[in-house]
Amino acid sequence: MSENETEGSYERRTFLSKLLGGALTVGIVGVMGAIMAYLFPPERRVFNPTRRRMRVARADEIPIGKGKQVLFDGEPVWVLHLKGGWIALSAICTHQGCIVHWDEKRLMLNCPCHAGLFDVNGNVLAGPPRRPLKRLRVSVVRDEIVIGPGEG
Amino acid sequence: MNALARVRELLRAELRQQAPYHLNLWHLLGGLTLFLLFLEITTGILLMVYYRPSADEAYESVFYIINDVQLGWLIHGIHGWGAQLFILLVLVHVLRVYFHEAYRERELNWVIGVVLLLVVGAFAFTGTLLVWDQKAFWGIDAVRRVIADVPVVGKAILYFLWGGTELDANALLRFYVFHVGLLPWVAIGLVMAHLYLVSRQGIFHRSGVGAQTSGQTYGDVALRGLLLVVLSFGIVLTLAVIFPVELAGRADPLVYQSVKPAWYFLPAYGLLKLVPKAAGVALASVGVLGLLAAPWLGRNSWVAWGLGMLGIAIIALLAAYGWRW
Amino acid sequence: MFLLLAMVVLTLGVWAGAAQEQNSCLICHSEIKVDYLESVHTGFGVTCIDCHGGDPMTLEMQKAHALEAFFRGTPQRTEIPELCASCHSDPVKMKPYGLRTDQYAEYQTSQHGKLLAQGDTRVAVCTDCHTAHRILPAWEPRSTTHPENISQTCAQCHSQRDQSVHSAALAQGNTKAPTCATCHGVHGAAPPGVADVSKACGMCHIAERTHFEASPHKKPMDEQSIPECVSCHGSHSIEPPDRKLFDMVCTRCHSASSKEQLVGQKIKTLLVAADESLREATQLLEQAQQRAVDVSAYRSRLIEARSYFLQALPVQHSLDIVHIEELTRRAKSIADDVRGGLHSLQGVFTVRLLGLTLVWIFLLLVIVVISLVLRERQGERL
């Protein structure tokens, strides 16, 4: 074993140790980075629809007799301003699932597919539907109309 | 700084120690499970950041972790697949120790090991329910029916584990408490005792203590262990990416779904299919007791091998029966 | 205990009531007693003598059935409608019960009533549908006039049983589904005339009727007295509408190579394309949902697409290709959009695989370095 070789092998060994240490450091930093990414709060903060509310509009934006169709939890919903107050109804017809229209003149919701008719409480007036439209909770919070799940 | 240098020096000295020459990859299995336990605890703590243990929100929060949280699917996948690998390695470790007859003169540590095996089973059992999807719900509910039929103590067990006779929000919370609050401490305590006894009693070798110099230090062993750790981490990662966790829809107590148990519970499932429930539970308990008593049953090497082979054959047959029906 | 007491009280009550009424008819005619006591008439004090005459105060057969006591026995079939009408057509009598009084008038316009007036006694009179003694309100499930039983009641005489999609819906508990009486009339039962078919169907299929009235079919069919809806859909064996109707029924009037048949095929193609696209999108959505992929953004769009497609179904009766095309195009383009979006969700998987590959390259590097270090250490010792 010459002096030179020992020197060389020693150098190689320190180099390899350093490489190993470096690689492990990189790995640990990578894992830490992934954990930081995981812990960073995601955009959609509230995930449970049963705990959700949605602002529809300012109260003065919808005059009496008018309605506004919005999406709540992926489903279309009619928010109606009536003389007696506000009503939120699922816009999905209980017959075959078409989206019902709000008829301002006749104060009814009608389904364009099979002519189902619903009154403003969601009850069936005529046509093939058998169950009333699902009602949602609606309330006026200060000057804003807010809807949420649950019986209205 | 001085203290740090001292620790480093101590560690170095430890790693420079000569290791027994017969130490090979088989002996590293136990150590590898330690890494997987660490992996499970780490990812488990991370999951707790977003998980909500209530029947109303559990499924939605898991859905949220998988879909909305950055890398949430990966953390969840690693936790799930890591658990599978963990169980596999623990089983292989138990078999290794048994067939190397390494339990000789280490009876206490064997018993601790078997209890750890049961703890791992409890981890897996409580963990499955937390997802609160159809598969988890009906899988655990099937066990509820079995336990409810156990004479005398069945109801008491249910009240203790389920918090009632129904699988509901109360049960979910209880399983959660077991999974993250109680079992980790038990596991860590037992693992520490296990390791302490290993270091006190030394690595078993059939032909007595290997006095001859092996030429390998504990540093080499640690490096080889690291190699395995990197490899197993890669495997878990690959499984988590290629087979992402699938949810089977929100748990609905009114819509029954027939569910096969996880592979590690198949022998018990097969046994319960084969014999009446009460008898099945009794037989399974006898089996566990037999495993605990292995060091005493297997004093003779031939008897030990015979019993071991017989046990494996029975378990394999039961698993096959459970898988088939 | 309480239950027993209640039963005793109830029995006593019934017994006391019977005693008070002094209705001796039921003592001999016990075979009718059960039916009569269940009927709606019992509760409102309509007794045997109101229809049959006689004396209910005596147990002597002669006296009870004496002509002086206005005994009339079983009423003649020809008399029955008039007999029932003596109360049911009297607005004063019916007012407290909130019942209509036009049934007899309607009956006289029915095919049944007309034939009876001509002396044909084989036709249905009141008791054939309502039974004689066990008359129940139509809303009671055991009633012969309950929607679920009507088909059977009519079938006592008529062989054309309803084997259509309507009776299937009724069997599934849809009480809004039509029965025989919905199309043929209740008390004024008669086959709808050729011109009235679309009106009868249009009572429920409002949108379909409106669009049909606007179609080029309307006028020529009326002129040649071709019944409207039933010509294509059948009457008593209406099947759920299916795309194969386009291939089967158009050629009944139009030749296979005619322009009209082409229009039919065009409508079929439009509807089928939209339908298939919708189906596939729905399937993909369900699959994605199974894999716990967040698809809520696509769900509302699919509801919209489905709504357009369902709107196009009644519109097809107008044969207005432009209108149909617009609705089906909307449905199809949204459904295709959803399909594309759902497919692109799978692109995420590719990105993940790429990341995994990079990680593995790094891990392999680490493994190589470790094994090199191990070899180096081993070499040193030798």
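Chain identifiers are assigned alphabetically (A, B, ...) following the order of the sequence lines, protein sequences preceding nucleic acid strands; residue numbering begins at 1 within each chain.
Arg306(C) contributes a side-chain N or O that, together with a main-chain N or O of Gln96(A), makes up a donor-acceptor pair within less than 3.5 Å.
Both the backbone and the side chain of Pro112(A) come within contact range of chain C, judged by heavy atoms closer than 4.5 Å. In this structure, chain A has a heavy atom under 4.5 Å from the side chain of Glu208(C), while its backbone stays farther away. Heavy atoms closer than 4.5 Å to chain A are found in both the backbone and the side chain of Leu310(C). For a residue to count as touching a neighbouring chain, one of its non-hydrogen atoms must lie under 4.5 Å from one of that chain's; by this rule Val100(A) does not touch chain C.
Interface with chain C: from residues 54-63 of chain A, no residue qualifies, criterion being any non-hydrogen pair under 4.5 Å.
Taking CG from Leu20(A) and CG from Leu374(C), the interatomic distance works out to 9.5 Å, rounded to the nearest 0.5 Å. Distance CD1/Ile303(C) to OG/Ser90(A): 8.0 Å, rounded to 0.5 Å. The distance from atom CG of Leu16(A) to atom CZ of Arg375(C), rounded to the nearest 0.5 Å, is 10.0 Å. Note that CG of Leu327(C) is 9.0 Å distant from SG of Cys113(A), once rounded to the nearest 0.5 Å. Atom NE2 of His205(C) sits about 8.5 Å away from atom NE2 of His114(A), to the nearest 0.5 Å. Expressed to the nearest 0.5 Å, how far CD1 of Ile206(C) lies from CG of Asn110(A) amounts to 10.5 Å.
Between chain A and the options Val373(C), Val295(C), Asn174(C), Val315(C), heavy-atom pairs under 4.5 Å are most frequent for Asn174(C).
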